[in-house]
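Just the heavy atoms: all of them, side chains too, but no hydrogens, waters or symmetry mates, feed the values below. Throughout, protein chains are lettered first and strands after them, A, B, ... in sequence-line order, and every chain is numbered starting at 1.
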Amino acid sequence: MRINIGNRLWLKKVVSGMWYDTKSSHLLNTWRRQCFWLVTAQRRKGSAGSRWQEEKSEDGVKWKQLEHKGPYFAPLYEPLPDEVHFYYDGKAMKLSLATEEIATFYGKMLDHEYTTKEVFQNNFFNDWRKEMTVEEKKIIKHLNKCDFTEIHKYFVDKNEARKALPKEEKQKLKEEAERLQEAFGYCILDGHREKIGNFKTEPPGLFRGRGDHPKMGMLKKRIMPEDVIINCSRDSKIPEPPPGHKWKEVRFDNTVTWLASWTENIQNSIKYIMLNPSSKLKGEKDWQKYEVARRLKEVVDKIRFQYRFDWKSREMKKRQRAVALYFIDKLALRAGNEKEEGETADTVGCCSLRVEHIQLHRELDGQEHIVEFDFLGKDSIRYYNKVPVEKPVFKNLQLFMENKDPGDELFDRLTTSTLNKHLQDLMDGLTAKVFRTYNASITLQEQLKVLTNAEDNVAAKILSYNRANRAVAILCNHQRATPKTFEKSMQNLQTKIDAKKEQLAVAKQELKRAKADAKVRKSVKSKSNVDKKKKLLAKLEEQLMRLCTQATDKEENKQVALGTSKLNYLDPRISIAWCKKFGVPVEKIYNKTQREKFAWAIDMADEEFEF
DNA sequence: CATGCGACTTGCATACATTGTG
DNA sequence: CACAATGTATGCAAGTCGCATG
């Protein structure tokens, strides 16, 4: 392993209080392995940003020691009480345990929109019948003759009862959860106790895909210890499977970071138990990600020049690649891998765009060369955007669309794999998603510069921060459903604003009167009264302003989700530096979990940090 | 080179906890 | 102090990307 840490970092091992020579790679390795989160790394004044990268680490080793308790398994099914019935064709029917369990999955979801969808119903019924006994199968032939309402009611009631539990009972449940967290929620990694991200297996239930998923409603089977692969160190205490059970396999693979895995039966994909983002392993990876993005900053101009050049290439392949890269760069589109048809919802990213997803307008609303995008991206979130593009891009798009059907691929000579190979040639470690990280982070930095007012109070600065954050979220198309309470809380705010305006009007009147009074009487008392009224007026005006900005903020944030960009795309050091520079407490920007996740950045960044 | 698999990151929804307010 | 509003944690689906395989 080679770490290029430059001469700008001091490392301080806090435990012992010793200072380490940063040039010693042995100590660096020790440092990296054992005390990452206890180390403060600071930059010397006047240098241009800290940086360290590693070459492919020696044979991909991720840890030396790993010990844990294995996953916590979802609780077993509890049969329904005798008085809760399932009816088929109007007649009460006692179901076998397995059949009943699956019936409860459906019953629980009855008031969800999902259950009205035909695909969901068919998939569910199909899978349900597979688990029925021969007798049940003979009777239960149509879903529309099944009556789950009693089952549904039972669970609704149960939920209510749980909510209405006395305080002590709730406390007990909480303590039980904490006990579980203590017992299963941590592992020992290279001598340090680290929090695990997800230590429970996923409970059985009905699969709910996003968007128009062809597999919605299918039965997600219960995970048994016999399905689970355990990964730990050879010399650690190997986790005990639950009594009477065996693990599928125990392996000792220190080139991967997961603690346990199993194969899920819907998509046949592997699920993992991994560490919490606060862990050293994840933190370092995160740091590395932003360092790659910062390296892109150094070469992005060259790359932009290059793809503009490639727009004129004789090779169609190259042209497609160059136009796609332009979109990825300019619009922060995702790469867009190929997907197996019929297995997942029909969504696309850049490379998998189809002709039907864009419309070309030579002129629109007084602008030239407009591309209108309309497609479903990740999680079936709609991407809709009208963008003016440079003329060669427009011409190329016309060319790519010639003689194609709406369902044909726009970039038929391009795959994510060839694109990424190309990017790798342009810069070590460069892939399509790095552009998203880079553009998100650089946008935040720029917007913060533009929007922050040093004279503002903390609240106003935070508003500016949120605005900058929002600019990024919009760039990355991070959307959310309008909160259910949105209209109402907006109304409440409006009521407050109206009331404030009323107060303000009254205060103005009073000031006027006081002034008039002071003019006539000229007494000290009446003068001080004027001052008092003036002060009140100013206070009210400020309060009104604050309410109005709050309302704007809320309105603008209606359908924008800030969380994803904050957690995954914005180099936290930008935010930390901003906080330090403008005297905003970090806690106002990052909550406890976020501060844990970004501990590395909090240690590292000073106000001079530049992305 | 197409395809599938494995590992890991990213993403939204919802459940739950805490805080603010009448 | 109850209840709504808001903030945080959890859940798990759905991406990206590298690599093995034929």
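Nucleic acid contact class of Pro277(A) (heavy atoms, under 4.0 Å, all strands): none. Thr347(A) comes within 4.0 angstrom of the backbone, heavy atoms only, and of no base. No engagement by Lys421(A) is indicated, since no non-hydrogen atom pair under 4.0 Å with the nucleic acid exists. Arg480(A) comes within 4.0 angstrom of sugar-phosphate atoms only, judged by non-hydrogen atoms across all strands, and of no base.
Residues meeting the side chain to side chain donor-acceptor pair (under 3.5 Å) test with Glu67(A), sequence neighbours left out: none. Residues that satisfy the ring pair (Phe, Tyr, Trp, His ring centres under 6.0 Å) test with Tyr590(A), not counting sequence neighbours, are Phe598(A). Residues satisfying the side chain to side chain donor-acceptor pair (under 3.5 Å) criterion with Lys108(A), sequence neighbours excluded, are absent altogether. With sequence neighbours left out, Glu587(A) forms a side chain to side chain donor-acceptor pair (under 3.5 Å) with no residue at all. The ring pair (Phe, Tyr, Trp, His ring centres under 6.0 Å) test applied to His357(A) returns no partner, not counting sequence neighbours.
Taken residue by residue, residues 212-231 of chain A places heavy atoms nearer than 4.0 Å to DNA chain C at His213(A), Lys220(A). Within residues 374-381 of chain A, the residues that place at least one heavy atom under 4.0 Å from DNA chain B are, in residue-number order, Lys378(A), Asp379(A), Ile381(A). Near DNA chain B, meaning a heavy atom under 4.0 Å from it, residues 461-479 of chain A has Asn477(A), His478(A), Gln479(A) in order of number. Residues from residues 251-272 of chain A that place a heavy atom under 4.0 Å from any atom of DNA chain C, listed by number: Gln267(A), Lys271(A).
When only modelled atom types and interatomic distance are considered, Lys339(A) and Thr347(A) share a side-chain donor-acceptor pair under 3.5 Å.
Chain A approaches DNA chain B over the interval dG6(B) to dC16(B), counting the first and last nucleotide 5' to 3' with an atom under 4.0 Å from its heavy atoms.
For residues 202-228 of chain A, the ring-ring contact (aromatic ring centres under 6.0 Å, His included) pairs, not counting sequence neighbours, are Phe207(A)-His213(A).
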Identify each atom pair where a protein N or O and an N or O of nucleotides 4-8 of chain C are less than 3.5 Å apart, giving names and distance.
| residue | atom | partner | partner atom | Å |
| --- | --- | --- | --- | --- |
| dA5(C) | OP1 | Asn492(A) | ND2 | 2.9 |
| dT6(C) | OP1 | Lys554(A) | NZ | 2.9 |
| dT6(C) | OP2 | Lys554(A) | NZ | 3.4 |

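His68(A) pairs with exactly one of Ile230(A), Ile188(A), Ile273(A) by the side chain to side chain contact (heavy atoms under 4.5 Å, CB included) rule, that one being Ile230(A).
Here Glu176(A) pairs with Arg179(A) in a salt bridge; the nearest charged N to carboxylate O distance falls below 4.0 Å.
Taking the centre of each ring, Phe375(A) and Tyr384(A) stay at or above the 6.0 Å mark. Centroid-to-centroid, the aromatic rings of His478(A) and Tyr569(A) come within less than 6.0 Å.
Between Ala293(A) and Phe611(A), the closest heavy-atom pair is CB-CZ, 3.8 Å.
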